[in-house]
Structure formats: structure tokens, C-alpha cells
Amino acid sequence: MHVEEEVDNIKPESIRKAEMNIEDLLGYARRTGMFWPAAEIYGGSAGLFDYGHIGAMLKRRFENIWLSYFVERNQNYFLIDGTTLFPEKPLIASGHAERFNDILIACKKCKTYYRADVLLSDLGVQLNEGATPSEVDAAVTKNSLKCPKCGGPLGEAKPFNMMIDVALGPDRSDHGYLRPETAQSAYLNFYREYNLLRQKLPLGLAIIGRAYRNEISPRQGLYRLRELIQAELQIFFDDQSFLPDFSGFSETRINVVPYVTGKLEALTPNELISKGYPAFYVYHMAIIDRFYRKILGVPDSKFRFLEKGGEDKAFYNRIHMDIEIEVESWGGFKEVGGLHYRGDYDLTSHTKGSNKSMAAKSGDREFIPHVLELSFGVDRNIWAQVDLFYRSSDNRQLLSLKPYLAPYSAAILPLQNDDAINAKAKETFVQLARKFRVFFDSSGSIGKRYARMDEIGTPYCITIDYDTIDSKSSNFGSVTVRSRDSREQIRVNISELENYLTSSINVMLE
RNA sequence: GCGGAAGUAGUGUAGAGGUUAUCACAGGGGCUUCCCAAGCCCUUAACCCGGGUUCAAAUCCCGGCUUCCGCACCA
């Protein structure tokens, strides 16, 4: 059987990346089992999404690869977990209760909302840092301020906190919040882990978990969510001695838009260091760059760091870069993560708040460890993967994910609904399912089944045919393995399948 | 939150006061075929939610929810 000759091979490069807007991508996600609005049978709720049987696997794979790459390859970095429900005190200490708290003011006529500090400074009125709502109201009255848009009267200033309140206890009088970032769980556990891990720095604490923000306007699919999943690594270190090993990154060119120039540049680590970025920061830029470009396969031109400064930079960050991917359905480069040098802000805040010293020692020197935060939005990254790797032509839809990210690693497809073929196929399924997530499908034509697997990104389709079970055939005991992107097929002995898949799927995951 | 547009089987859609609510794909059953989304027959399945107008509402009106686009917001 010379099936290869009959295949109308289409080079994967010839299949264009599908042009997708948000609705197209949401439609794809719904029809393939990726994700859709939570509680959708009741009409859904803005900013909340559920993952389906395909999306949940993709998400899990992303998280596992992230964990393996950023955490498990470093002997000083560890995975922990923390509650999503927080008592009030740590969030007062961290500044979230106050700072996460914008004062909003609305026009009574056109109902436009403004941030009080922004509105007043635009109108030439200076407010003190941390002004209260009544101070804002007083300033509005004193200066007879009107809505800049419609000239209407301004309403009362009201605090708006991005955190979601929770009332605890039998009379619901204990005040808590859903955590606004996983980072806080790491800071709260630093002291114990630092001692458990024998007081060594650097110490990395990673958390993959949920965080909650009461976004005013959740939008754009998985971009702005009220409940989101973060994968974060908080590295605690001695700022006078943290010097990671750069060998292996010296030739890398990293796309970065520095704040001072605002222009995209492709710089080597040494060039970045000579521009004044600390070596430990640059090292982690290189690590992140490799993750996106090599492990996830993001094209060079679609990946960059964007440095934030001035108003855009959070007050506690010393260096703040967004990790950005060009996502067509989101209309351009969008933030999927961040690399933040937070200095000693976090541990100092929690030392003050808790009266628990978190100082580390190095010789005679006592110091508060600094924090470098690697923060990733898992949902945003999942969306970006689909956007980047969904390809479409007239008769083919293809999700060309890296094999190790694909929800199913392989599909087992009996060529025909024949008892002997089916029995062999099921036996093969059981054998492979011990090591891989495999899909079994015996319904429909073989072409239709290939197409279904292409659309959810299954990298390999294993077909059991008559030759497989024909002891007179030279192909006895072997199956065809079809590669998703090239559609090329090779014959592999069933006894070799496990090795074949292991090495093929993990290629690139060095 | 504001303004505009929209919400019909699982998916994509037609339908503009009275239809057994259109078509395709998907799903189920059957016949046939078997390495790249084959064909034929049968079949399951929908008007976002709640009010109102009307003899009659998927269709018109009001409210809610959700989505998209723009604005605002996004320590």
C-alpha cells in the first residue's frame, strides 16, 4: 500500500495563519471544547470563562511546561500553593486595600466615569497623594469643576476597589478579599520557606493559581477577566550577590522596547547590561525569551519586552517590563506576562504589617531580600497560543501547537470498522494510554477523523490497517503514523510506538 | 459605565406580524465506501430571559443579561 503517493501534500507553510477576530476565536473555542463563558446556560457573566475538555488539557500542559521550565530546572526554585481567600490584614500591608483603590467620579449628565486623580490633574487641580473622597468632593466644589466631555455636573466621588470583598464568619463581620494576585501568597510564605530551606538565597517560590479582580469592563475574550489564572515565580535574593550564569545566552538577541527610547531593539544580554539593566534582570529576560521563542515557538517578530516607566509603572517596581505577544485577534501586541524588579517593597511591607522580621543574613550583613517577579497570565497565554497557531485554508483547519502542548498527544484510528482491526486498535490504545493522553476514534471516514484531530492540534494520528493484522504482509505489526502539519506518514512497529512518540513529542523540549 | 450594533438547533446561518421556523455542518440509525472532511435514505435538535402591544410576536415596544465595535477604565 503506497498511501503516501495518494496524499495531496500541502506544505504547512502554505496554510496561512487564520485571520481571526475575537468572535471567530471564541467560536473556534466553543466548537472544539476549549473554553466558553461560565454559566452560559444562564446567559453567562462578564469576565468569567470555563475551560472544556480540550482547553483544560491545553491549560494543564501549559502549566506543566511552565513549571518544568521556570521552576523545576532550578534547584533553588520551588512550587508552593496558597489560599485564594485572604484576610484583610496582609492586603492592607501590601498596599492593595488602599492603592488598588481608585476614587472614581462620574458625570451626572453623561455618566462618564473618571479616575478622580486623573480628572483633577487634567483640569489643573492638584490633589494630595491618597486624597479621600470627601477631599475630592471639596476640591470639585471649590474649583466649580464640570465634566470635561459634556459640561455636566460631577457627582460624588466614590472609592472603587479592584479587589473582591468577602464577608466571613457567622455574622459575616470579618472582612476578607479574594487575592488580587498570587504573588501575595508567596510573600506571606517566604519567612517559613526561607527557614525550611535552610536560609539560602536566591529562593524562588512559584505559584500557579487563581486571582480575582473586579474589573470594571471585562472584555476581549480571555484578556480581561474577573477570575484569572496566574503562573508566577517570586525570586527572593540578595541584591549584592545575585549573579546568574549567562553562558548559553551570550549570543541571544532579545526584542525589547526600552522606556527611554521607546523604540524596538534586538539586544544581546551584554548590550542590555551595558545599558544599565542589572545582570540578574537581563538573565531572566533571556530565560523568558527562550521560553516563548523556543519552547512555545512564538515567531521572533511577534515577541517583545515593553519597558514601562513614568505613570505606567507601578510605584513599587524598580524595573517593569511587560512580556508582549502580537495577537491578531487582540489587534496587536498585548501583555501576557511581566518581569518586575520589586526591590524590597514586598517583604518590607509585610515586615511592618506583621511585626515579623524577614531579614536575611550574609556574614555580618543583615538585609531585606529583594524580589524579582516573573508573572504570567495563563488564560492570556492559552488564547495567544490558539491565535498564533490556528491555521486555515479552504479545506483544512489546523492548530499547529508544539507537540508537547497539544491536548491529545496522539489519536488511535482503526482504518475500518472491522472486528480484527478494532481489537488491535483497542489493544494499542490501552498500551499507549499508560504514558500518553490518546484519543480513540472509529467513527466516520479516515479523512474526517484526521481533520478533527488537526483542528484540535493532535500531532500524531496512528492508523491501524489491514496490513497491521495480516501476518503475510511485510507491514505486519506496524501502523501508519501521520504527522499533523506535513500530513506525511511513516510506518512504525507497534512495539516501537512508545519510543517514537516520546522522542517526537519531546523534540525541542530539551 | 456610556454610545452604536447584535443575540434563532451543538456550530455557522435564513426568516422584517400569521411559516409544520430555512439551509449547511455536527450528532443518532441504516446501506455503501475506506489513508486525508465521499454518497444516499431516515432521524434528533433552536427563536437569550422577563414583561407589554396585538385576534396573532422570532419579528414591534420596554426592562434585564450577554457579546462585538468605539469611548472611558485597566495600582
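Computed from a predicted model, the values in this text were never measured in an experiment. Below, read A as the first sequence line, B as the second, and so on, with proteins coming before strands; counting in each chain starts at 1.
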A.B. asks: What is the separation between atom CH2 on A:W36 and atom C1' on B:rC48, rounded to the nearest whole Å?
C.D. replies: 19 Å
A.B. asks: Run the side-chain contact (heavy atoms from CB on, under 4.5 Å) test against A:A411 and tell me which residues pass, sequence neighbours left out.
C.D. replies: A:L413, A:F439, A:M453, A:T458, A:C461
A.B. asks: Does a side-chain N or O from A:K448 land closer than 4.0 Å to OP1 or OP2 of B:rA26, or not?
C.D. replies: yes
A.B. asks: Pairing check on B:rC23: which nucleotide meets the Watson-Crick or G-U wobble criteria with it, both distances under 3.5 Å?
C.D. replies: B:rG12
A.B. asks: Please give the distance between the P atoms of B:rG12 and B:rC68 as a whole number of Å.
C.D. replies: 14 Å
A.B. asks: Going by salt bridge (charged side-chain N to carboxylate O under 4.0 Å, His left out), name the residues that satisfy it together with A:R452, two or more places apart in sequence or in a different chain.
C.D. replies: A:D441
A.B. asks: Taking the side chain of A:S217 as its heavy atoms from C-beta onward, which of B:rC68, B:rC73, B:rA75 lies nearest to it?
C.D. replies: B:rC73
A.B. asks: Which part of the nucleic acid, if any, lies within reach of A:E335 when heavy atoms closer than 4.0 Å are counted: base, sugar-phosphate only, or nothing?
C.D. replies: nothing
A.B. asks: Mark yes or no for whether A:R226, through its side chain, and A:E215, through its backbone, hold a donor-acceptor pair below 3.5 Å.
C.D. replies: yes
A.B. asks: Measure from CD on A:E455 to P on B:rA26 and round the result to the nearest Å.
C.D. replies: 12 Å
A.B. asks: Which one, B:rU67, B:rA75, B:rU11, comes nearest to the side chain of A:R30?
C.D. replies: B:rU11
A.B. asks: Can you tell me how far P in B:rC42 sits from the matching atom in B:rA24, rounded to whole Å?
C.D. replies: 12 Å
A.B. asks: Name the residue closer to the 5' end of RNA chain B, choosing between A:A314 and A:I22 according to the nucleotide with the nearest heavy atom.
C.D. replies: A:I22
A.B. asks: B:rA16: syn or anti, with syn meaning chi within 90° of zero?
C.D. replies: syn
A.B. asks: How far, in whole Å, is B:rC61 from B:rG7 if one measures between their P atoms?
C.D. replies: 13 Å
A.B. asks: Give the table of side-chain donor-acceptor pairs shorter than 3.5 Å for residues 373-382 of chain A, with sequence neighbours excluded, one pair per line with atom names and distance.
C.D. replies:
residue : atom : partner : partner atom : Å
A:E373  : OE1  : A:H340  : ND1          : 2.5
A:E373  : OE1  : A:R342  : NH1          : 3.3
A:E373  : OE2  : A:Q234  : NE2          : 3.0
A:E373  : OE2  : A:R342  : NH1          : 3.1
A:S375  : OG   : A:E232  : OE2          : 2.7
A:D379  : OD1  : A:Y51   : OH           : 2.7
A:D379  : OD2  : A:I229  : N            : 2.7
A:R380  : NE   : A:Y223  : O            : 2.8
A:R380  : NH1  : A:E335  : O            : 3.0
A:R380  : NH2  : A:Y223  : O            : 3.1
A:N381  : OD1  : A:Y292  : OH           : 2.7
A:N381  : ND2  : A:Y292  : OH           : 3.4
A:N381  : ND2  : A:V336  : O            : 3.1
A:N381  : ND2  : A:G377  : O            : 2.7

A.B. asks: What's the gap between B:rC62 and B:rU13 when it is taken at their C1' atoms, as a whole Å value?
C.D. replies: 28 Å
A.B. asks: A:Q489 has a side chain; which of B:rU11, B:rA38, B:rC35 sits nearest to it?
C.D. replies: B:rC35
A.B. asks: Using Watson-Crick or G-U wobble geometry with both distances below 3.5 Å, tell me the partner of B:rC55, or none.
C.D. replies: B:rG18
A.B. asks: Rounded off to whole Å, could you give me the NE2-to-P distance for the A:H96 and B:rA75 pair?
C.D. replies: 10 Å
A.B. asks: Could you check which of B:rU11, B:rA37, B:rG1 has an atom nearest any side-chain atom of A:I216?
C.D. replies: B:rG1
A.B. asks: Distance-only check: which donor-acceptor pairs under 3.5 Å involve side-chain atoms of residues 36-47 of chain A, not counting sequence neighbours?
C.D. replies:
none

A.B. asks: Compute both the distance and the angle, then confirm whether A:R482 meets the cation-pi test with A:Y450: under 6.0 Å from the six-membered ring centre, within 45 degrees of the axis.
C.D. replies: yes
A.B. asks: Counting only distance, no hydrogens or angles, is the base of B:rA75 paired donor-acceptor with the side chain of A:E181 under 3.5 Å?
C.D. replies: yes
A.B. asks: Which is true for A:Q416 with a 4.0 Å heavy-atom rule: it touches a base, it touches only sugar-phosphate, or it touches nothing?
C.D. replies: base
A.B. asks: Write down the distance separating the P atoms in B:rA6 and B:rA14, rounded off to the nearest Å.
C.D. replies: 12 Å
A.B. asks: When both hydrogen-bonding distances must be under 3.5 Å and the geometry is Watson-Crick or G-U wobble, what is B:rA46 paired with, if anything?
C.D. replies: none
A.B. asks: For atom P, what is the distance between B:rG70 and B:rA9, given to the nearest Å?
C.D. replies: 26 Å
A.B. asks: Listing time: all N or O pairs from protein to nucleotides 28-33 of chain B that are below 3.5 Å?
C.D. replies:
none

A.B. asks: Scan every strand shown for a Watson-Crick or G-U wobble partner of B:rC71, both distances under 3.5 Å, and answer none if you come up empty.
C.D. replies: B:rG1
A.B. asks: How close or far is atom C1' of B:rC34 from atom OH of A:Y466, stated in whole angstroms?
C.D. replies: 8 Å
A.B. asks: Choosing from B:rA75, B:rG1, B:rA37, which nucleotide comes nearest the side chain of A:R219?
C.D. replies: B:rG1
A.B. asks: Using the C1' atom on both, measure B:rU33 against B:rC41 and round to a whole Å.
C.D. replies: 16 Å
A.B. asks: May I ask you to verify if any side-chain N or O of A:R449 is less than 4.0 angstrom from the OP1 or OP2 atom of B:rA26?
C.D. replies: no
A.B. asks: Mind checking if A:G52 touches a base, just sugar-phosphate, or nothing, with heavy atoms under 4.0 Å?
C.D. replies: nothing
A.B. asks: Taking the nucleotide of RNA chain B with the nearest heavy atom to each, does A:S329 or A:G444 sit closer to the 5' end?
C.D. replies: A:G444
A.B. asks: With ring pair (Phe, Tyr, Trp, His ring centres under 6.0 Å) as the test, pick out the partner of A:H370 among A:Y341, A:Y316, A:F236.
C.D. replies: A:Y341
A.B. asks: Name the pairing partner of B:rC34, where a pair is Watson-Crick or G-U wobble with both distances under 3.5 Å, or state none.
C.D. replies: none
A.B. asks: Nearest to the side chain of A:I446 - B:rA75, B:rC73, B:rC35?
C.D. replies: B:rC35
A.B. asks: How many angstroms lie between atom CZ of A:F305 and atom CE of A:M321, to the nearest 0.5 angstrom?
C.D. replies: 7.5 Å
A.B. asks: Take atom P in B:rG15 and the same atom in B:rU22, then report the distance between them in whole Å.
C.D. replies: 14 Å
A.B. asks: In chain order, what residues pass the side-chain contact (heavy atoms from CB on, under 4.5 Å) check against A:T83, with sequence neighbours excluded?
C.D. replies: A:F86
A.B. asks: Looking only at side-chain atoms of A:L26, point me to the closest of B:rC36, B:rC68, B:rG27.
C.D. replies: B:rC68
